[in-house]
Number of protein chains: 2
Amino acid sequence: MNELRVAVDVVIFRVRQGLLQVLLVKRGLAPFEGRWAFPGGFVLKDESLDAAALRELREETGVGDVYLEQLYTFGEPRRDPRGRVISVSYFALFSGGEPEAKAGSDAAEVEWAAAYKPPLLAFDHRAILDYALQRLRWKLEWTTVGFKLLPKKFTLTELQKVYEAILGRQLDKRNFRRKVALLGVVEPLDEHRQEGIQRPARLHSFSARKFERLKDRGLLFPF
Amino acid sequence: MNELRVAVDVVIFRVRQGLLQVLLVKRGLAPFEGRWAFPGGFVLKDESLDAAALRELREETGVGDVYLEQLYTFGEPRRDPRGRVISVSYFALFSGGEPEAKAGSDAAEVEWAAAYKPPLLAFDHRAILDYALQRLRWKLEWTTVGFKLLPKKFTLTELQKVYEAILGRQLDKRNFRRKVALLGVVEPLDEHRQEGIQRPARLHSFSARKFERLKDRGLLFPF
DNA sequence: CCAAAAGTGTTAGGAGTACACCCATGG
DNA sequence: CCATGGGTGTACTCCTAACACTTTTGG
């Protein structure tokens, strides 16, 4: 029983240029040297699981402002060749805020990879990724986590692009906007942002206050 | 790190007489002596988490034919006064098949308690129960787990009672039956069962074959 | 014929989907 | 005035929810 160790692994997503990405770290040591893996590590003695996940994320990536929730616990006896390691996986969303997630305090190589076309992963991390993607798609459609992938102020087109990147299909602009408006969880601001040569887009913000009303009735957000 | 141990705890539900129940075991030892807790115990060295959950369930209750899935991992540093114990909780559904879940090989006191009015529970088991109830309600509405709480052959009224017990509200018989029929996952049998003095009810069975078609499109089962 | 649960259809309102054009801006 | 993405409304279909009476059986 004493050889049993508990680790956390964090699958963190972001959307960039209409593409869903996950953060990966290149392993410098055996086993699986040179392959990519999720940021993670062992849980400390007096640390909650959530705290461990947050700490690992910060240590390896410098990312701080994230949405974090527990995903699933993987515990097959031989999933780690070094011995019995139970991995509590976490699911995180990066808001795309300014502090670009670069390599953190660890000197390890860190990369945002295409979530739907990842490189070869270490351990059972491919299974973890698949599970995380499933959870993400599901949460996107039935909760408001979509907003966690955006900064505080965003345009409706940006919001739509988040949905399209994750669901993997195009959405109708009019229907999308109508539904967002109907839910009443976004507030239009009196600010605009100009991205290129064209008409400036109105900025919006997520209204947690308005959202509260929905929580009771199953918080539907179906696209 | 060596004082860290991993346990599984199983929340198993059944529906009896229109009431949702959970299986509890009375603790014979400190801590929390005399309080009720979920069946569970430590994970063995070469045992997967799923296997551990199934084993504990069998040891303490004799229940074998169940639907089992992982629920959540609770890992607050002080959740167990004896030391650091991380609990991987499981969610199980008892089909109500004949082999009545009585006290198992352990001589411990075992009881089916009202899930929505449980007695005082040990450790953080109340939080685990609340989480399991939430998961159950959710799965009931969006998947077909409802059938896992019934034997192979059942009447539509029994199915409806399962839904009502878990959702905590009355459902309209006609709407319920129409939706079940529309989904096409139940097959009417040429058998009837007479419960009391009244008209016999037709028996039905769950058709996994027909269900497969639905899996793609999010498997909705909303009541 | 009485009690008890089984079984069965219709209607109205709301949500989802498909679909095409004008607007504001910078160059 | 042109290119680019921002922004808007209507019609049809389908799903949901509300609602009440007849049927079958045993006593």
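Sequence lines set the chain letters: A, B, ... in the order given, protein chains first and strands last, and positions in each chain run from 1. All values below come from the heavy atoms of this structure, side chains included, with hydrogens, waters and symmetry mates left out.
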Is it the case that the base of C/dG16 and the side chain of A/Lys179 share a donor-acceptor contact (distance under 3.5 Å, atom types as modelled)?
no

In this structure, how many angstroms lie between the P atom of D/dT8 and the CG atom of A/Leu182, rounded?
15 Å

Checking A/Leu71, A/Asp9, A/Leu49, A/Val66 against A/Tyr90 for side chain to side chain contact (heavy atoms under 4.5 Å, CB included), the one that qualifies is A/Leu49

How long is the line joining CD of A/Glu164 and P of D/dG5, in whole Å?
14 Å

note: B/Gln160, atom CD; C/dA5, atom C1'; distance rounded to Å ~ 12 Å

Using a 4.0 Å heavy-atom cut-off, does A/Thr155 contact any base of the nucleic acid, only the sugar-phosphate backbone, or nothing at all?
nothing

I need the CD-C1' distance between A/Gln194 and C/dA24, as an integer number of Å.
9 Å

Ranking D/dT24, D/dC19, D/dG7 by distance to the side chain of B/Arg199, first place goes to D/dT24

State which residues pass side chain to side chain donor-acceptor pair (under 3.5 Å) with B/Lys26; sequence neighbours excluded, sorted by chain then number.
none

Would you kindly give the CZ-to-P distance between A/Arg177 and D/dG7, to the nearest whole Å?
5 Å

When rounded to whole Å, the CG to P distance for the pair B/Asp172 and C/dT8 reads 14 Å

Spacing between B/Phe176 atom CZ and C/dG9 atom C1', to the nearest angstrom:
18 Å

Between CG of B/Leu149 and NZ of B/Lys161, what distance do you get to the nearest 0.5 Å?
15.0 Å

Specify the residue among A/His192 and A/Ile197 whose closest nucleotide of DNA chain D lies further upstream toward the 5′ end.
A/Ile197

By side chain to side chain donor-acceptor pair (under 3.5 Å) - contacts of B/Glu76 (at least two apart):
none

Describe the nucleic acid contact of A/Glu195 in one word from base, sugar-phosphate, nothing, applying a heavy-atom distance below 4.0 Å.
nothing

From D/dG6, C/dT17, D/dT23, pick the nucleotide closest to the side chain of A/Asn175?
C/dT17

Gap between atom CD1 of B/Ile128 and atom CZ of B/Phe123 - 0.5 Å precision:
9.5 Å

Counting the atoms with a prime plus P, OP1 and OP2 as sugar-phosphate, which does A/Arg202 contact under 4.0 Å by heavy atoms, base, sugar-phosphate, or nothing?
sugar-phosphate

Side-chain-base donor-acceptor pair under 3.5 Å for B/Arg178 and C/dG9
yes

How many Å lie between CD on A/Gln198 and P on C/dA24, as a whole number?
15 Å

